[in-house]
**Student:** 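My structure is below; once you've seen it, I'll send some questions.
Lettering follows sequence order; numbering is per chain, from 1.
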Amino acid sequence: MRLTDSVPISLDLTLRSGQVFHWEHQADGSWTGLIGDTPVRVAEKNGLLDVSRGSLALAENYFALDHPLEEIYAEFPRDPMSAEALELCRGLRIIRQPRWECLATFITSSMKQVAHIRSMSLSLRKAFGRPTEYGYTYPLPEILAASSEQALRACGLGYRAPNLLATAGIVARGNVDLDALAGLETPALLEALVKLPGVGVKVANCVLLFAYERLDAVPIDVWIHRVLIAMRRGRGGTPAQLARYARKNLGPYAGYVQQYLFHRARVSSK
DNA sequence: CGCCAGGGTCTCG
DNA sequence: CGAGACCATGGC
């Protein structure tokens, strides 16, 4: 039995929840984009994944159809905000992203709205990637490392440009092997990622969650920061205190809970 | 048009 | 360790 025959997913929620930024929503409701360098067209049919172009196995892995959603939901915290987020986001999956693409994209994400992260990502792809029928591939670290701060600024990166350039150089030279890092325990992996220019604790946790399958990782951005304070009945705290609170209260799939809370907070603010 | 955004880094106490 | 200043850009 194939996973696509039985496992539910909400593509709209998954592709609009600020994990990936390059997919295009077509007029017929389908989505087109690239999984790595492979053009793919996917749609949601009766709540299941329908792959009409590209590799089925590739899509099943990328959209993480093997994540046991019902088991994850059973571990959700019982507080009202988490419960409401769950009802709103049922079917949203944490995608398995290519590591470099994820790392590079989140280096550009600091103090940026989702819409602008998307526009920077598309600019970088168009300037440095290879054209395909569903958009441009994400440029390899070697390509970005050989570019220039000015060329990256031209893609709208602003002060983030030197960080992306420097990290691309480190990865391109092989000083850091993103695939080899997958063998590390989460704390050591976090420590390694944070050493890269433009990568702090928040960005590192995004990469842990979206590219290294650490489903307990909790990136704390301004939205989740507000959510955590609300959960603590208005009681604030240092970043370290809030991170500790999240670890203790959001359960073994804290990263999933965080993603649902993030999406709920964003849509309910409009 | 002013506010704000999936923050990181450096400095100073 | 913790708080503050500074950093560019564009959607809304």
**Student:** Nearest whole Å is fine: how far is dG6(B) C1' from Ile94(A) CD1?
**Tutor:** 12 Å

**Student:** Check whether the side chains of Gln19(A) and Thr14(A) place a donor and an acceptor atom closer than 3.5 Å, and report yes or no.
**Tutor:** no

**Student:** Please report, rounded to the nearest Å, how far the C1' atom of dG6(B) is from the CG atom of Leu208(A).
**Tutor:** 14 Å

**Student:** Looking across every strand, which nucleic acid part, if any, lies under 4.0 Å from Gly198(A) by heavy atom: base, sugar-phosphate, or nothing?
**Tutor:** sugar-phosphate

**Student:** Mark this stacking check for Phe262(A) against dG6(B) as yes or no, applying ring centres under 5.5 Å and ring planes under 30°.
**Tutor:** yes

**Student:** Using whole Å, what does the distance between atom P of nucleotide dG7(B) and atom CG of Leu190(A) come to?
**Tutor:** 17 Å

**Student:** Quickly work out the Asn163(A) CG to dT9(C) P distance and round it to whole Å.
**Tutor:** 14 Å

**Student:** Are side-chain heavy atoms of Thr108(A) and Leu124(A) found at a separation under 4.5 Å?
**Tutor:** yes

**Student:** Suppose we call a contact any N or O donor and acceptor under 3.5 Å apart; does that hold for the side chain of Gln258(A) and the base of dG6(B)?
**Tutor:** yes

**Student:** Could you tell me how far dG4(C) sits from dG6(B) if I compare only their P atoms? Round to whole Å.
**Tutor:** 23 Å

**Student:** Within this structure, what is the CG-to-P distance between Leu152(A) and dA8(C), rounded to whole angstrom?
**Tutor:** 14 Å

**Student:** So, is Arg160(A) close to the dA8(C) phosphate, meaning a side-chain N or O under 4.0 Å from OP1 or OP2?
**Tutor:** no

**Student:** Of all the nucleotides listed (dG6(B), dG7(B), dT9(C)), which has the minimum atom distance to the side chain of His116(A)?
**Tutor:** dT9(C)

**Student:** Picking from dA5(B), dG11(C), dG6(B), which would you name as closest to the side chain of Arg226(A)?
**Tutor:** dA5(B)

**Student:** By the 4.0 Å heavy-atom rule, please label Phe210(A) as base, sugar-phosphate, or nothing.
**Tutor:** base

**Student:** For Met120(A) and dG11(C), give me the distance from atom CE to atom P, rounded to whole Å.
**Tutor:** 11 Å

**Student:** Among the nucleotides dA8(C), dG6(B), dG11(C), which one has an atom lying closest to any side-chain atom of Met111(A)?
**Tutor:** dA8(C)

**Student:** Do Val203(A) and Ser110(A) touch side chain to side chain, with heavy atoms closer than 4.5 Å?
**Tutor:** no

**Student:** Could you work out the separation of dG11(C) and dG8(B) based on their C1' atoms and round it to a whole Å?
**Tutor:** 22 Å

**Student:** In this structure, how many angstroms lie between the C1' atom of dG6(B) and the CG atom of Leu261(A), rounded?
**Tutor:** 14 Å

**Student:** Give a yes/no on whether any side-chain N or O of Arg266(A) is located under 4.0 angstrom from OP1 or OP2 of dG11(C).
**Tutor:** no

**Student:** Looking at Arg41(A) and Glu133(A), does any basic side-chain N land under 4.0 Å from a carboxylate oxygen?
**Tutor:** no

**Student:** With a 4.0 Å cut-off on heavy atoms, is Leu157(A) in touch with a base, just the backbone sugar-phosphate, or nothing at all?
**Tutor:** nothing

**Student:** When we call it a touch if two heavy atoms are under 4.0 Å apart, what does Ser17(A) touch: a base, just sugar-phosphate, or nothing?
**Tutor:** base

**Student:** Please examine the side chains of Ser17(A) and Gln259(A), heavy atoms only from C-beta on, and report whether any two atoms are closer than 4.5 Å.
**Tutor:** yes

**Student:** Between Leu196(A) and Ile224(A), name the one whose nearest nucleotide on DNA chain B is closer to the 5' end.
**Tutor:** Ile224(A)

**Student:** Any side-chain N or O of Arg153(A) below 4.0 angstrom from OP1/OP2 of dA8(C)?
**Tutor:** yes

**Student:** Looking only at side-chain N and O atoms, does Asp28(A) offer a donor or acceptor that is under 3.5 Å from a partner on Ser30(A)?
**Tutor:** yes

**Student:** Classify the nucleic acid contact of Pro197(A) as base, sugar-phosphate or nothing, counting any heavy atom under 4.0 Å across all strands shown.
**Tutor:** sugar-phosphate

**Student:** In whole Å, I'd like the distance from the NZ atom of Lys112(A) to the C1' atom of dA5(B).
**Tutor:** 8 Å

**Student:** Side chain of Tyr159(A) only, heavy atoms from C-beta on: which candidate in dG11(C), dG2(C), dG7(B) is closest?
**Tutor:** dG7(B)

